[in-house]
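First the structure, in the form of structure tokens, and then the observations on it.
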Amino acid sequence: MQHWLMKSEPTVYSIDDLERDKVTSWEGVRNYQARNFMRDDMQIGDLVLFYHSNASPPGVAGIGKIVREAYPDNFAFKKDHKYYDSRSTSEKPLWFMVDVGFVGKFKNLISLDQIKNEKALEGIMVAKKGSRLSVQPISEAHFKHICKMADYK
DNA sequence: GCCAACGTTGGC
DNA sequence: GCCAACGTTGGC
């Protein structure tokens, strides 16, 4: 089993939205590296750090899990939709998405600042300068450490 | 709102 | 295949 960090802007879709919905489809990823992680490596049961990007402060807001493995991002087929991409067809889909289920919300958000200042999290991808990847693998140790910082479970 | 860092596109 | 121009991400 692998661990992941997935970014979402809370003004678009937050951990509270996921708690309400229980499950959501993770459409709109339009980056090849992120797509490959979702399509090739994500498995049902993998745990996800739900990260609030473009927020004040940005940080990890809670936990999700993969409940459905990659399938074609059908928003890419919808003309006039902002995720439409004419290069992607149902015969030969270019973009993929997974479904993410709600697991838990942190009592307090673990901010990017805290993450950067935590010795045990040295080298974590999300703290690297200019890390824009919206789907990132994370080591189990780092994952667990962030849960511990959040006093989660 | 600014802008640095990055990924993608397209002319050559 | 290079690389300038462009668009986007996301912290600040």
Side-chain angles (χ1 to χ4, degrees), chain A residues 2-21 24-42 46-66 70-139 141-143 145-150 152:
Chain A
Q2 288 191 259
H3 297 76
W4 306 96
L5 180 146
M6 296 173 88
K7 297 180 185 175
S8 180
E9 300 191 22
T11 54
V12 177
Y13 197 86
S14 71
I15 190 76
D16 294 315
D17 294 322
L18 182 59
E19 181 168 27
R20 178 198 63 215
D21 296 342
T24 193
S25 55
W26 208 269
E27 69 273 9
V29 172
R30 296 292 179 267
N31 169 284
Y32 289 105
Q33 216 184 333
R35 177 204 67 180
N36 293 347
F37 282 135
M38 290 201 299
R39 187 192 58 189
D40 304 333
D41 299 326
M42 278 187 177
D46 283 359
L47 292 172
V48 174
L49 292 180
F50 194 105
Y51 181 90
H52 282 176
S53 63
N54 240 315
S56 46
V60 177
I63 310 282
K65 67 170 182 243
I66 304 304
Y71 59 105
D73 182 341
N74 45 50
F75 289 80
F77 308 147
K78 292 176 183 160
K79 248 188 165 143
D80 301 328
H81 194 278
K82 68 169 173 167
Y83 292 142
Y84 176 70
D85 188 337
S86 61
R87 298 173 300 170
S88 188
T89 63
S90 49
E91 292 76 33
K92 230 183 160 206
L94 180 62
W95 303 115
F96 292 82
M97 58 186 177
V98 295
D99 286 355
V100 177
F102 178 78
V103 174
K105 181 186 172 180
F106 287 171
K107 285 194 290 288
N108 297 109
L109 179 125
I110 300 301
S111 70
L112 179 60
D113 211 46
Q114 285 172 268
I115 291 169
K116 284 178 174 168
N117 288 320
E118 189 75 7
K119 198 79 204 266
L121 297 177
E122 224 172 306
I124 192 171
M125 196 185 280
V126 74
K128 292 232 172 84
K129 193 163 90 170
S131 153
R132 306 186 324 182
L133 200 57
S134 64
V135 176
Q136 311 180 350
I138 178 172
S139 73
H142 284 171
F143 186 98
H145 191 80
I146 288 174
C147 290
K148 198 172 146 197
M149 286 167 76
Y152 181 81

Qualifying residues under side chain to side chain donor-acceptor pair (under 3.5 Å), relative to A/Ser53, sequence neighbours excluded: none
Residues touching DNA chain C, which here means a heavy atom under 4.0 Å, drawn from residues 119-129 of chain A: none
Residues forming a salt bridge (Lys or Arg N to Asp or Glu O under 4.0 Å) with A/Arg132, sequence neighbours excluded: none
Results of side-chain contact (heavy atoms from CB on, under 4.5 Å) for A/Ser139 - residues two or more places apart only: A/Ala141, A/His142
Non-neighbouring partners of A/Tyr51 that pass ring-ring contact (aromatic ring centres under 6.0 Å, His included), sequence neighbours left out: none
Residue that, paired with A/Trp26, satisfies ring-ring contact (aromatic ring centres under 6.0 Å, His included) out of A/Tyr83, A/Phe50, A/Phe37, A/Phe75: A/Phe50
5'-most by nearest nucleotide on DNA chain B - A/Gly130 or A/Arg87: A/Gly130
side-chain contact (heavy atoms from CB on, under 4.5 Å) partners of A/Asn74, counting only residues at least two apart: A/Phe77, A/Lys78, A/Met97
Non-neighbouring partners of A/Ala127 that pass side-chain contact (heavy atoms from CB on, under 4.5 Å), sequence neighbours left out: A/Ile115, A/Lys116, A/Ile124
Contacting residues from residues 92-100 of chain A, given that a heavy atom lies under 4.0 angstrom of DNA chain C: none
Test side-chain contact (heavy atoms from CB on, under 4.5 Å) applied to A/Val48 - qualifying residues, sequence neighbours left out: A/Trp4, A/Met6, A/Ile66
Covered region of DNA chain B, 5' end to 3' end, by chain A [heavy atoms, under 4.0 Å]: B/dA5 to B/dT9
Qualifying salt bridge (Lys or Arg N to Asp or Glu O under 4.0 Å) pairs with a residue from residues 87-105 of chain A, counting only residues at least two apart or across chains: A/Asp16-A/Lys105, A/Asp85-A/Arg87
Set of salt bridge (Lys or Arg N to Asp or Glu O under 4.0 Å) partners for A/Asp41, sequence neighbours left out: none
